[in-house]
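Just below is one structure, and these are the notes that go with it.
All of these numbers come straight from a predicted model, not from anything done at the bench. Every number for a ligand or one of its atoms is a count from 1 in the order of the listing. We number each residue from 1, following the sequence as shown.
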Amino acid sequence: MKIPALDLKKQIAPIRGELDSAIKEVIDHTGFILGERVERFERHVAQYCNVKYAVGVSNGTDALSLALLALGIKSGEGVICPAFTYYATAGAAAAIGAVPVFADIDKDTYNISAGSVRKILAGKNKVKIKAVIPVHLYGQCADMRGILKLAREYKLKVVEDAAQSFGAEFKGKKSGTLGDCGAVSFYPGKNLGAFGDAGCILTNNKGLAEKLRILRNQGNKSSYIHLFLGRNNRLDSLQAVVLDVKLKYLDVWNKKRMETAGFYNRKLAGLPLKTPFVADYTTHIYHQYVLRVQGQSKGLLEHLRRKGIDSRVFYPIPLHLQECFKYLGYKKGDLPESERAARQVLTLPIYPELSRQEKDYIIQSVKEYVNG
Ligand SMILES: Cc1ncc(COP(=O)(O)O)c(C=O)c1O
């Protein structure tokens, strides 16, 4: 059997008619960038997230950079990021000249905690820290309560990286709506994915939303009147209409992921493997279903791949040890929980269209390895 990490053909097939007519309408209309279709999608996202404003942008990385820029983060200022996340979290901060300051993660949730952020703030830092980016990794929210409290105490801006958690809730509030801004990615492989790159920024702050709309469009206040040093970070309407069609199905898809996670948890109970820990303050939309093994994930990973199961490691090298961040001066051993997680995690496919037969095969293959 061959089981990919994600099968978008299976997701698209049942809604193909709707998608085709939405795309055709854009071609007939020819308003390809921003405009009414993007605005309609932004309204629907805002409604879905119960947030005042959603600003469509080019991708999740730009969403993070723009949010930091709009919040006034300047070159040389420190931005706390988890060491265990996708490159873009810290890359987006570095791209605007800010300095990533890496926090270690909680060993159970894989997210940064108030404790790890406080450790940095209370210590000696080479730069003045002005912001924190909690990442809601794999689809469950970081402990925002403690992080927001610290942010108030130290006057930090909070940009949630909700790239992997669109639809997850922290104590009943949608991820990305708790900090000053939330950055969302609609990369095709995300739970809500476009047919290309796309993203958005969530905020309840009117002034900030207005600034973000100007910044994403070359700093244009109105045609050829440039108020800020903006960028071209606009969302195009083909992506907006695709996302608008898919948004209606997101909760059903996320529910299926949750059911599959429950199934895997039950079937793997009692084995020497750590199944995902879900904290009581958050829901989990299982962008990834992540297992943790004692020692190293390599053996199980290779076994699953031999069996045709596209298991992955997100992420094999923590950011503080990446070549591109060498200039920041971190060394091995500095952030032990991130380093350990990088050695021990691996994913099982969890996309909504997986059949019962495929899930059984995945479990059987894991057990085969673990039980020798
Ligand atoms: C945690 C995290 N942050 C940021 C991004 C960047 O999003 P994008 O690929 O849309 O630029 C991604 C996804 O790729 C991500 O997983």
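Remark: ligand 1 atoms within the under-4.0 Å shell around heavy atoms of A88 are 4 (C), 5 (C), 6 (C). Heavy-atom contacts of T85 reach the following atoms of ligand 1: 1 (C) (cutoff under 4.0 Å). Counting atoms of ligand 1 from 1 in the listed order, those under 4.0 Å from a heavy atom of T89 are 1 (C), 3 (N).
Between Y281 and F170, the angle of the ring planes lies from 30° to 60°, which puts this pair in the tilted group.
For the 3.5 Å distance criterion, the side chains of Q288 and Y110 fail to qualify, holding no donor opposite an acceptor. K246 and Q11 form a side-chain donor-acceptor contact under 3.5 Å, judged by distance and modelled atom types alone. D161 and T89 share a donor-acceptor pair across their side chains, judged by distance under 3.5 Å alone. Side chains of N254 and N191: a donor on one and an acceptor on the other come within 3.5 Å.
For ligand 1, the polar-atom distance check against Y86 finds no nitrogen or oxygen pair separated by under 3.5 Å. Not one N or O of D62 is nearer than 3.5 Å to an N or O of ligand 1, by distance alone. Considering both main-chain and side-chain atoms, Y187 never comes within under 3.5 Å of ligand 1 through any nitrogen or oxygen pair.
The proximity of T61 to ligand 1, defined as any non-hydrogen pair under 4.0 Å, involves the side chain as well as the backbone.
Closest to atom 3 (N) of ligand 1, if we only count protein heavy atoms, is D161 OD2, 2.7 Å. Scanning the protein for heavy atoms near atom 15 (C) of ligand 1, the closest one is A163 CB, 3.5 Å. In terms of protein heavy-atom proximity, atom 16 (O) of ligand 1 is nearest to Q164 NE2, 2.8 Å. If you check which protein heavy atom lies closest to atom 13 (C) of ligand 1, you get K190 NZ, 2.7 Å.
For Y330, the OH atom sits in a packed shell: over 12 heavy atoms of surrounding residues, nucleotides or ligands are nearer than 6.0 Å. Environment of NZ in K274: crowded, with over 12 heavy atoms of neighbouring residues, nucleotides or ligands closer than 6.0 Å.
Remark: distances from the non-hydrogen atoms of D197 to ligand 1 are all 4.0 Å or more.
The residue from S65, G91, G60, S58 that puts a heavy atom closest to atom 8 (P) of ligand 1 is G60.
Using modelled atom types, no side-chain atom of N217 and backbone atom of N220 make a donor-acceptor pair closer than 3.5 Å. Formation of a donor-acceptor pair under 3.5 Å by the N125 side chain with backbone atoms of I120 is found in this model.
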